Amino acid sequence: MHVLLDGPAAAPRLTRLDEHGAPSAEPETVAPEGLAERMRAIEVAERPRWVWDDTALRYPAVVAAGVRLARCHDLRLSRAILRRSARTAGTSLAGSPPDGWDREPLPPAAPDAGEALFDLGADALGELPADALDEYARQRAAIAASTAPGALGALLAVESAGALIAVELRRAGLPWDRERHEAVLESMLGPRPAPGRRPRGLERILDELRAITGLRALNPDSPTVLVAQLRSIGVMVGSTNQWELQEIDHPAIAPLLEYKKRARLMTANGWNWLDAWVRGGRFRPDYVPGGVVTGRWATNGGGALQLPAQLRSAARADPGWRLVVADAAQLEPRILAALAGDRAMREAGRGRDLYRGMVDRGVVATREHAKLGMLGAMYGGTTGESARLLPQLARAFPRALALVEHAAREGEQGRVVSTLLGRSSPSPSLEWRALQARAAEPDAADAEVRRARTEARSWGRFTRNFVVQGTAAEWALAWMAAVRRGLRQLPEAAAAGRAPGPFGEQAHLVYFLHDEVIVHVPEEQAEDAALIVREGALEAGRLLFPGEPLDVPVTAAIVEDYGQAK
DNA sequence: TATCTTGGCGCC
DNA sequence: AGGGCGCCAAGATA
């Protein structure tokens with residue numbers, strides 16, 4: 001049962017669709033004030049998949065009206081996947097000219113839109129594009145005609161579930177302790193300065209730097225100026241990045257690095273960030289599902305996916321609530337092992353730390369080596385320690401290594417690679433192809449041949465990583481969708497005098513970071529939530545690898561603040 | 001003045 | 001000559 005939800009805010013419509021996506025009854029028009037009740041009733045009685053053009057556009061108003069949908073089909077996100085997937089090559093959708101369904105995600109919401117974004121009547125419930133039903137039928141047809149209908153269907157389901165979750169995450173927000181955050185800033189930077197002024201904590205280090213170097217006008221905030229100034233006193237650097245400065249033996253280096261570290265905290269997550277992104281004790285970032293070519297999420301403002309470790313203690317559960325901080329251990333190499341059907345590698349990680357397992361089997365000497373080597377294999381590292389470890393890994397895990405090597409070769413040839421569920425990499429640009437073609441001519445200049453090879457290898461590193469990162473992203477979406485489903489089945493906790501959450505006293509997701517989720521949960525249900533998070537991982541493993549389910553160990557720490565996890 | 005690019009660095 | 005990002009400030013450009 002699928003239901004199309006559209007119509008003007010003054011008279012929203014619900015249209016029942018049959019299994020082919022065709023309307024099976026007259027649209028039902030609902031009075032706006034009764035819409036939430038009607039939707040809730042349909043959710044409970046009929047388990048529909050709601051179909052609409054863009055979850056990010058429409059769902060906020062629905063959540064604001066007190067309804068959380070179980071499932072949806074997001075036409076925009078699905079189009080993006082189907083359009084590019086190698087599995088749908090030859091379908092009419094893949095061959096059709098670009099149209100309005102190929103558009104980009106919405107522009108970023110204003111940072112302080114916060115609650116206002118969710119006001120019903122803010123035209124979020126407008127008419128769907130007139131051809132929404134046609135598009136839905138096209139997508140169904142493309143899936144049916146594809147070489148992997150089951151996998152693609154699963155992919156669109158988890159992608160769409162992710163879109164629902166992203167909206168709910170913003171609605172809920174990550175509980176954020178402003179005082180705690182300010183205390184960290186104070187300890188690193190001193191009191192908040194007047195706008196445009198350096199805080200005292202930075203001023204003090206700067207004085208020290210000026211004394212050491214004798215440069216009265218030393219300006220560490222400008223990389224180009226700083227390079228010139230350092231060279232003027234004989235510190236012959238080519239840039240001012242950390243790894244270059246670290247190698248230099250000079251008394252100014254340590255305080256300079258300290259200055260940069262603290263300045264970074266201020267510019268990225270300082271008082272301005274707090275003012276812009278934290279309201280009413282919640283950090284509300286703007287997630288962008290499918291915002292990365294590999295299928296990972298991106299963010300638009302707020303930098304939710306780059307919360308520095310030093311500030312995690314500011315993510316703190318409300319009184320009477322807990323955070324369940326869950327992390328999928330060594331997700332990407334496990335995904336690779338499963339993708340490649342590499343028995344030995346799967347065994348090395350079964351039920352324990354995968355890297356430790358590699359050490360125990362004598363593949364490498366230390367856990368650090370195992371990690372470094374696997375990252376190098378998945379990213380295409382060709383130098384240093386990680387490259388030296390590759391032969392050992394290739395001997396122990398030939399199938400896993402062969403899979404990433406093959407993906408790299410495909411990319412170097414300009415071919416497309418795909419994830420397990422069928423998300424495909426973009427084609428290289430026309431410039432890239434032209435360069436390769438020119439370099440293949442018999443009279444090509446050496447420089448051009450070299451440049452073409454460099455570019456080919458670079459694209460190969462991208463496709464090499466794409467299959468692993470993209471399939472890991474699919475696992476993470478499936479995981480999160482399962483966790484969401486499990487949490488919704490938890491009853492609301494009994495009132496215990498604590499402040500209610502955004503969904504009453506029901507546990508809910510509050511954060512997502514590629515292979516980590518955080519659940520905000522009434523304290524007496526924290527153990528239940530931890531169980532749901534682990535069960536969700538198993539469910540994701542079954543969805544992606546039904547033949548031989550992948551078991552990714554998940555750590556689930558029950559804590560009061562994020563800083564206590566790990 | 002507004003917009004784009006770059007360097008640097010935070011996360012996975 | 002290690003994949004994917006976002007964000008900020010400074011600097012460059014229009």
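Treat the numbers as computed from the prediction; the structure is a model and nothing was measured. Note on naming: letters A, B, ... go to the chains in the order of the sequence lines (proteins, then strands), and numbering restarts at 1 for each one.
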Enquirer: Using atom OH of A/Tyr562 as one end and atom P of B/dC11 as the other, report the distance to the nearest whole Å.
Expert: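 Going from OH in A/Tyr562 over to P in B/dC11 covers 10 Å.
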
Enquirer: When all nucleic acid strands are considered with a 4.0 Å heavy-atom cut-off, which category describes A/Val468: base, sugar-phosphate, or nothing?
Expert: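 It contacts nothing in the nucleic acid.
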
Enquirer: Can you check the A/Leu226 CG to C/dA9 C1' distance for me, whole Å?
Expert: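 In whole Å, C/dA9 C1' lies 14 Å from A/Leu226 CG.
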
Enquirer: With side chains defined as the heavy atoms from C-beta onward, is the minimum distance between A/His520 and A/Leu174 less than 4.5 Å?
Expert: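 In short, these two side chains do not touch, never coming nearer than 4.5 Å.
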
Enquirer: Side chain of A/Thr224 only, please: which of C/dC5, C/dG11, B/dG8 is the nearest?
Expert: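 The closest nucleotide is C/dG11.
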
Enquirer: OP1 or OP2 of C/dA9 less than 4.0 angstrom from a side-chain nitrogen or oxygen of A/Ser222, does that happen here?
Expert: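 Checking A/Ser222 against C/dA9: no side-chain N or O falls below 4.0 Å of OP1 or OP2.
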
Enquirer: Does some side-chain heavy atom of A/Leu226 sit less than 4.5 Å from a side-chain heavy atom of A/Leu218?
Expert: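 The answer is yes, as the side chains (C-beta and beyond) meet within the 4.5 Å cut-off.
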
Enquirer: In whole angstrom, what separates A/Met266's CE from C/dA10's C1'?
Expert: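 It works out to 14 Å between those atoms.
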
Enquirer: Return yes if some donor-acceptor pair links the side-chain N/O of A/Trp176 with the main-chain N/O of A/Ala314 below 3.5 Å, else return no.
Expert: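 A pair under 3.5 Å: no.
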
Enquirer: Of the candidate nucleotides C/dG11, C/dG4, B/dC9, which contains the atom at the shortest distance from the side chain of A/Gln469?
Expert: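 For A/Gln469, the side-chain atoms sit closest to C/dG4.
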
Enquirer: In terms of relative ring orientation, are A/His181 and A/Trp273 parallel, tilted or perpendicular, with 30° and 60° separating the classes?
Expert: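 Rings of A/His181 and A/Trp273: tilted, as their planes differ by 30° to 60°.
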
Enquirer: Side chains of A/Thr419 and A/Thr471: any donor to acceptor distance under 3.5 Å?
Expert: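 Looking only at side-chain atoms, A/Thr419 and A/Thr471 do not form any donor-acceptor pair under 3.5 Å.
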
Enquirer: Going by number, which of residues 252-260 of chain A have a non-hydrogen atom under 4.0 Å from DNA chain C?
Expert: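 None - not one residue of the stretch has a heavy atom sitting under 4.0 Å from the strand.
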
Enquirer: Please give me every residue in residues 512-519 of chain A whose heavy atoms get under 4.0 Å of an atom in DNA chain C, ordered by residue number.
Expert: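 Correct list: empty, so none.
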
Enquirer: Answer whether the closest heavy-atom distance between the side chains of A/Met345 and A/Met358 falls below 4.5 Å.
Expert: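 A/Met345 reaches A/Met358 side chain to side chain.
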
Enquirer: Using whole Å, what does the distance between atom P of nucleotide B/dC9 and atom CG of A/Asn269 come to?
Expert: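 Distance, rounded to whole Å: 15 Å.
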
Enquirer: For A/Arg453, which contact category applies under a 4.0 Å heavy-atom criterion: base, sugar-phosphate, or nothing?
Expert: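 No contact.
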
Enquirer: Side-chain contact, heavy-atom cut-off 4.5 Å: A/Trp475 with A/Val552?
Expert: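 A side-chain contact exists here, since the closest heavy-atom pair is under 4.5 Å.
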
Enquirer: Looking at A/Ile205 and A/Glu258, what are the two nearest heavy atoms and their distance?
Expert: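 Smallest interatomic distance, heavy atoms only, reads CD1-CG, 4.0 Å.
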
Enquirer: Whole angstroms only, please: what is the CZ-C1' distance between A/Arg296 and C/dG6?
Expert: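 My rounded result for the distance is 13 Å.
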
Enquirer: Which nucleotide sits closest to the side chain of A/Thr294: C/dG4, B/dG8, C/dG11?
Expert: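 Shortest atom-to-atom distance from the side chain points to C/dG4.
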
Enquirer: Mind checking whether A/Leu57 and A/Arg76 have side chains closer than 4.5 Å, heavy atoms only?
Expert: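 A side-chain contact is absent here, since even the closest heavy-atom pair is not under 4.5 Å.
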
Enquirer: Could you give the CZ-to-P distance, from A/Phe283 to B/dC11, as a whole number of Å?
Expert: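 Those two atoms, CZ and P, are 14 Å apart.
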
Enquirer: Looking at every heavy atom in both A/His514 and A/Ala476, which two are closest together, and how far apart are they?
Expert: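 That would be O-CB, 3.2 Å.
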
Enquirer: Decide yes or no for A/Tyr287 and A/Tyr511: does some side-chain heavy atom of the first lie under 4.5 Å from some side-chain heavy atom of the second?
Expert: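 In short, these two side chains touch, coming nearer than 4.5 Å.
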
Enquirer: Select base, sugar-phosphate, or nothing to describe what A/Gly291 touches, counting heavy atoms under 4.0 Å on all strands.
Expert: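 No contact.
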
Enquirer: Give the rounded distance in Å between these two atoms: CD of A/Gln306 and P of C/dG4.
Expert: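 Rounding to the nearest Å, CD of A/Gln306 and P of C/dG4 are 15 Å apart.
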
Enquirer: What's the closest nucleotide to the A/Val293 side chain, out of C/dC5, B/dC9, C/dA10?
Expert: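 Nucleotide nearest to A/Val293's side chain: C/dC5.
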
Enquirer: Just checking A/Leu265: base, sugar-phosphate only, or nothing, at a heavy-atom cut-off of under 4.0 Å?
Expert: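 No contact.
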
Enquirer: Counting only side-chain nitrogens and oxygens, does A/Gln242 get under 4.0 Å of the OP1 or OP2 atom of B/dG10?
Expert: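 Yes, within the criterion.
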
Enquirer: If you look at every strand shown and take non-hydrogen atoms under 4.0 Å, does A/Ala309 touch a base, only sugar-phosphate, or nothing?
Expert: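 Since only primed, P, OP1 and OP2 atoms lie under 4.0 Å of A/Ala309, the category is sugar-phosphate.
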
Enquirer: Can you check whether A/Val416 reaches A/Arg84 side chain to side chain, under 4.5 Å on heavy atoms?
Expert: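 In short, these two side chains do not touch, never coming nearer than 4.5 Å.
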
Enquirer: Side chain of A/Ser239: nearest nucleotide among C/dC8, B/dG8, C/dG4?
Expert: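 Among C/dC8, B/dG8, C/dG4, the one nearest the side chain of A/Ser239 is B/dG8.
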
Enquirer: How many angstroms lie between atom CE of A/Met236 and atom NE2 of A/His250, to the nearest 0.5 angstrom?
Expert: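 Output value for this atom pair is 12.0 Å.
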
Enquirer: If you compare every side-chain N and O of A/Arg461 against the phosphate oxygens of C/dG2 (OP1, OP2), does one of them come in below 4.0 Å?
Expert: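 So the side-chain polar atoms of A/Arg461 never come under 4.0 Å of the phosphate oxygens OP1 or OP2 of C/dG2.
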
Enquirer: Rounded to whole angstroms, how far apart are CD on A/Glu405 and C1' on C/dG3?
Expert: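 About 14 Å, once rounded to whole Å.
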
Enquirer: With the threshold set at under 4.0 Å for non-hydrogen atoms, list the residues of residues 364-390 of chain A touching DNA chain B in residue-number order.
Expert: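 Going residue by residue through residues 364-390 of chain A, none turns out to have a heavy atom under 4.0 Å of DNA chain B.
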
